[in-house]
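The next block holds one structure in the form of structure tokens; read it before the comments.
Throughout, residue positions are numbered sequentially from 1 according to the sequence presented. Just the heavy atoms: all of them, side chains too, but no hydrogens, waters or symmetry mates, feed the values below. Remember, predicted model here, so these are calculated numbers, not experimental data.
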Amino acid sequence: MAHHSPEGRWGNSQNRKPVRPWTVKDIHTTFKTFFRWLVEGYIDGSPMESVKAPVARPDQVQPFTKEQIAAQLMAAKQSRHPYRDEAILLFLLDTAVRASELCGLRIQDLDSVGKRATVLGKGNKRRDIYMSRTTARAVNQSLRGHDTSPSNPVFLSERDDPFTRSGLQQLLSRLSKTAGIEAVRCSPHTFRHTCAIWFLRSGGQVFALKEMLGHTDLHMTMRYVAIAQADVSAPGEKWVCPTNGEGWLPVG
């Protein structure tokens, strides 16, 4: 495979990670479509007809346990920017926003009184997401001493620039390393996944989850339903629903 060579994939030495199953399936579909077009007048038969389509199963992202979340929050409090880092973790966990949505958040998008924020999601669609009191307080605390002009980012990087997706991933990786987490992939998507799973396990409705995640249809949302119904959490473990004002902080 190209990613095993020193030159990397497509000549990019930085691109050496294994190809994801869905990428392989997309490549197979593209070639199959192309050769079908060639058969219409350029070649006698398609070599892709004998190539079996690869299986691409949905990623089974392991959600965080309450102990792992507590460890990451402790790591955030001990970091160089404790208020910012804690607010980012709580915001991700409480709202299930995508990385790009958090990075694009501006001061004008916040409604501190209503504990609400407006994010720009896929397809340039805006939606309102809601924060618990705990998360809203953490976000407000992280903004103290900063320029809160409406167009300024809510979360700033080390260089006082808007966070990028790469910068956010690096921050989460540092915090997870400090927290000693190794078995679970620490990424913005894992926080999104964790929030969705615990929302359902705590009695949340699938249609409400669809709106919270910004899905255009129920197909993607139902993946979370299947995982939540498996109920791999510890017996008696639950999180408090954000609509009651306490947020997704583990209790009991």
With no hydrogens and no angle check, is any side-chain donor or acceptor of S149 less than 3.5 Å from a backbone partner on S151?
no
Taking R106's backbone N and O only, do any of them form a donor-acceptor pair with D109's side chain (distance below 3.5 Å, no angle check)?
yes
Which atom pairs, donor and acceptor, lie under 3.5 Å between side-chain atoms of residues 165-177 and protein residues at least two apart or in another chain?
| unit_1 | atom_1 | unit_2 | atom_2 | d |
| --- | --- | --- | --- | --- |
| S166 | OG | Q170 | NE2 | 3.2 |
| Q169 | NE2 | S173 | OG | 3.0 |
| Q169 | NE2 | C186 | O | 2.9 |
| S173 | OG | Q169 | O | 2.9 |
| S176 | OG | L172 | O | 3.2 |
| S176 | OG | S173 | O | 2.8 |

Between F64 and Q72, is any pair of side-chain heavy atoms under 4.5 Å apart?
yes
Check whether T65 reaches the backbone of Q68 with its side chain - one donor and one acceptor, N or O, closer than 3.5 Å.
yes
Got a sec: does the CD of E49 have more than 12 other heavy atoms crowding it under 6.0 Å?
yes
What I'd like to find out is whether the side chain of M212 reaches to under 4.5 Å of the side chain of R127, using heavy atoms alone.
no
Could you see if V154 belongs to whatever hydrophobic cluster contains L120? Use Ile, Leu, Val, Met, Phe, Trp, Tyr and a side-chain cutoff under 4.5 Å.
no
Hey, does the side chain of D94 reach the backbone of S132 with a donor-acceptor pair shorter than 3.5 angstrom?
yes
For residues 213-221, which side-chain N or O atoms pair as donor and acceptor with protein atoms under 3.5 Å away, sequence neighbours left out?
| unit_1 | atom_1 | unit_2 | atom_2 | d |
| --- | --- | --- | --- | --- |
| H215 | ND1 | T221 | N | 3.4 |
| H215 | ND1 | T221 | OG1 | 2.7 |
| D217 | OD1 | H219 | N | 2.9 |

Quick one about T190 and S187 (side-chain donor to acceptor, distance below 3.5 Å, no hydrogens or angles considered), yes or no?
yes
Please find the pair of heavy atoms, one from V39 and one from G45, that lie closest to each other, and give the distance.
CG2-C, 3.7 Å
Is T95 close to M131 at the side-chain level, that is, under 4.5 Å between some pair of heavy atoms?
yes
State, yes or no, whether a side-chain contact exists between W198 and L93 at a heavy-atom distance under 4.5 Å.
no
Could you check whether any side-chain N or O of H28 sits under 3.5 Å from a backbone N or O of V51, counting only pairs where one atom can act as donor and the other as acceptor?
yes
Any donor-acceptor N or O pair under 3.5 Å, side chains D128, T118:
yes
If you take all heavy atoms of I107 and T148, which pair is closest and at what distance?
CG2-O, 3.5 Å
Short side-chain to backbone donor-acceptor contact, E101 and R98, under 3.5 Å
yes
